[in-house]
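Worksheet: one structure, shown below.
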Amino acid sequence: MQEFPPAFEQLALPGLRDAVVLITGGTRGSGWAAAQLFARCGARVALNSRSEEEARRAAAELHTAFGVPVLPLAADVSSPEQVANMFAALADWSQRALQVLVCNAGYPLMEKLWQTPLHELSSQEIVEWFQRVRAVDLEGARYCSAAALRLMLPHNNGSIIFISSTPALAGYQGTPYTEAKAALLGLMRDLSREYSAAGIRVNALALGNIASGWYEQLSAERKRELALEAPLGRWGTPWEVAGAIVFLASELAGYITGHTLVVDGGVLRR
Ligand SMILES: NC(=O)c1ccc[n+]([C@@H]2O[C@H](COP(=O)([O-])OP(=O)(O)OC[C@H]3O[C@@H](n4cnc5c(N)ncnc54)[C@H](OP(=O)(O)O)[C@@H]3O)[C@@H](O)[C@H]2O)c1
């Protein structure tokens, strides 16, 4: 990822200083960029990934760079038991405070899983692939949201942000990814209606092509092709995703809930 952008050096968004923020999948890509922006705003950041070593490494780096309290949390979000343990550790650390949850962890994008349309999958692949992607992207977000709501409700305050994707809005080619990311938007709308009266806002991002995760696996030609899908003519950066996340989490977005913010360089507006 690029260096911390100079444009964000002076960043201070209302409502984020000392806020407790949990980011799932916070050690790489957009989640890691968001962790840095939250830390830059003075938030206390809990960083999750499946790897204990990675979570500790990222937490140490964040604390050294920004001086804020940081908690590493190793858990696979698709496991209800691991999510329960993660939230128990978070609640101890934060004295049962949680202002922001970012459900960012996603099943790794593999070219085969992304490119194979439904009719070309075997019955066994249909069962396995749809279950696997749904378990991380949708069920993981549901487990984390349920636990987060229990911490947010006593304070009548909170913001939950789901990371979805443009195929959830436009369709793509009948893949598990589209289905899980679209269901995530249903969960987002449902929670925003149910918990608005308790002061809890729930929103989502629908991302286009972002230069993280799968980006490094692509050939130079494929990178060029995908860049040109966007009217802006390039890939988005993790920093641009992180900027939208911290905006939605902050009090600047205090009257926004149930919304999907599209971060795709204009693809869906073409
Ligand atoms: N990049 C894109 O173009 C794009 C486009 C649309 C939507 N998105 C969505 O944006 C989100 C972030 O994508 P990214 O490209 O920034 O990802 P990334 O760079 O691959 O990073 C993924 C992060 O999630 C963690 N993770 C993966 N599976 C997990 C699990 N089961 N439980 C807990 N943590 C897990 C990873 O750490 P460990 O491996 O150590 O667990 C890592 O910290 C995903 O939801 C993705 O679907 C991405």
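Note that the structure is predicted; figures quoted are calculated from it, not measured. All residue numbers in this chain count up from 1 along the given sequence. For ligands, and for the atoms within them, numbers begin at 1 and follow the listed sequence.
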I'd like to know if the side chain of Asn48 and the backbone of Leu73 have a donor-acceptor N/O pair within less than 3.5 Å. yes

Quick test: of every protein heavy atom, which one is nearest to atom 19 (O) of ligand 1, and how far off is it to 0.1 Å? Gly213 N, 3.3 Å

Pairing donors with acceptors under 3.5 angstrom, does anything connect the side chains of Asn157 and Gln99? no

With a 6.0 Å cut-off (strictly less than), is the heavy-atom count around CD of Gln217, excluding the residue itself, greater than 12? yes

Checking the side chain of Ser49 only, and the main-chain atoms of Thr27 only, is there a donor and an acceptor separated by less than 3.5 Å? no

Any salt bridge between Arg224 and Glu221, counting N to O under 4.0 Å? no

Nitrogen or oxygen atoms of Ser78 and ligand 1 under 3.5 Å apart: no

Does a salt bridge link Glu54 with Arg57, judged by any charged N lying under 4.0 Å from a carboxylate O? yes

Atoms of ligand 1 close to Ser164 [distance to a heavy atom under 4.0 angstrom, numbered from 1]: 7 (C)

Contact check: Glu54 vs ligand 1, nitrogen or oxygen atoms, below 3.5 angstrom: no

Ligand 1 to Asn48, heavy atom cutoff 4.0 Å, flagged ligand atoms 33 (C), 34 (N)

Could you list which atoms of ligand 1 come closer than 4.0 Å to a heavy atom of Ser51? 40 (O)

Check each heavy atom of Ala211 against ligand 1 and say whether those closer than 4.0 Å belong to the side chain, the backbone, both or neither. neither

Could you tell me whether Glu61 and Arg56 have a side-chain N and a carboxylate O separated by less than 4.0 Å? no

Closest protein heavy atom to atom 9 (C) of ligand 1, given as residue, atom name and distance to 0.1 Å: Ile163 CG2, 3.8 Å

Look at atom 48 (C) of ligand 1 and say which protein heavy atom is nearest, naming residue and atom and giving the distance to 0.1 Å. Leu207 CD1, 4.1 Å

Of the listed options Thr27, Ile210, Asp76, closest to atom 31 (N) of ligand 1 (non-hydrogen atoms): Asp76

Tell me which protein heavy atom sits closest to atom 45 (O) of ligand 1, plus the residue, atom name and distance to 0.1 Å. Asn104 O, 2.7 Å

Under 4.0 Å, heavy atoms only, figure out whether ligand 1 is touched by the backbone of Trp214, its side chain, both or neither. side chain

Heteroatom distance test (Val136, ligand 1): nitrogen or oxygen, under 3.5 angstrom: no

Ranked by distance from atom 32 (N) of ligand 1, the top protein heavy atom is Val77 N, 3.1 Å

Would you find a donor on one side and an acceptor on the other, under 3.5 Å apart, between the side chain of Lys181 and the backbone of Ile163? yes

If you draw a 6.0 Å radius around CD in Glu120, do more than 12 non-hydrogen atoms from other residues or ligands fall strictly inside? yes

Residue Ser165 vicinity, atoms of ligand 1 by number, heavy atom under 4.0 Å: 6 (C), 7 (C)

Counting each atom of ligand 1 from 1 as listed, which ones have a heavy atom of Tyr177 under 4.0 Å away? 5 (C), 6 (C), 7 (C), 8 (N), 47 (O)

Does Arg222 CZ have over 12 foreign heavy atoms under 6.0 Å away? yes

Heavy atoms of other groups near Arg96 CZ, more than 12 under 6.0 Å: no

Suppose we measure from atom 22 (C) of ligand 1 to each protein heavy atom; which comes out shortest, and what is that distance? Arg28 NH2, 4.0 Å

Show me which atoms of ligand 1 lie under 4.0 Å from any heavy atom of Ser212. 1 (N), 14 (P), 15 (O), 16 (O)

Would Asn209 count as being in polar contact with ligand 1, using the rule that some N or O on each side must be under 3.5 angstrom apart? no

Show the atoms of ligand 1 that are less than 4.0 angstrom away from any heavy atom in Ala75. 32 (N), 33 (C)

What is the nearest protein non-hydrogen atom to atom 29 (C) of ligand 1, stated with its residue, atom name and distance? Arg50 NE, 3.5 Å

Using a 4.0 Å cut-off to any heavy atom of Gly29, which atoms of ligand 1 qualify? 16 (O), 19 (O)

When you measure from the side chain of Asp264 to the backbone of Leu268, do you find a donor-acceptor pair of N or O atoms at a distance under 3.5 Å? yes

Which protein non-hydrogen atom lies closest to atom 46 (C) of ligand 1, naming both residue and atom, and how far is it? Lys181 NZ, 3.9 Å

Heavy atom to atom 5 (C) of ligand 1, shortest distance: which of Gly31, Ser49, Gly106, Gly208 holds it? Gly208

Just distances here: any N/O of Trp235 and N/O of ligand 1 closer than 3.5 Å? no

With heavy-atom distances below 4.5 Å as the criterion, would you say the side chains of Val68 and His63 are in contact? no

With a 4.5 Å heavy-atom cut-off, do Leu90 and Val20 have their side chains touching? yes

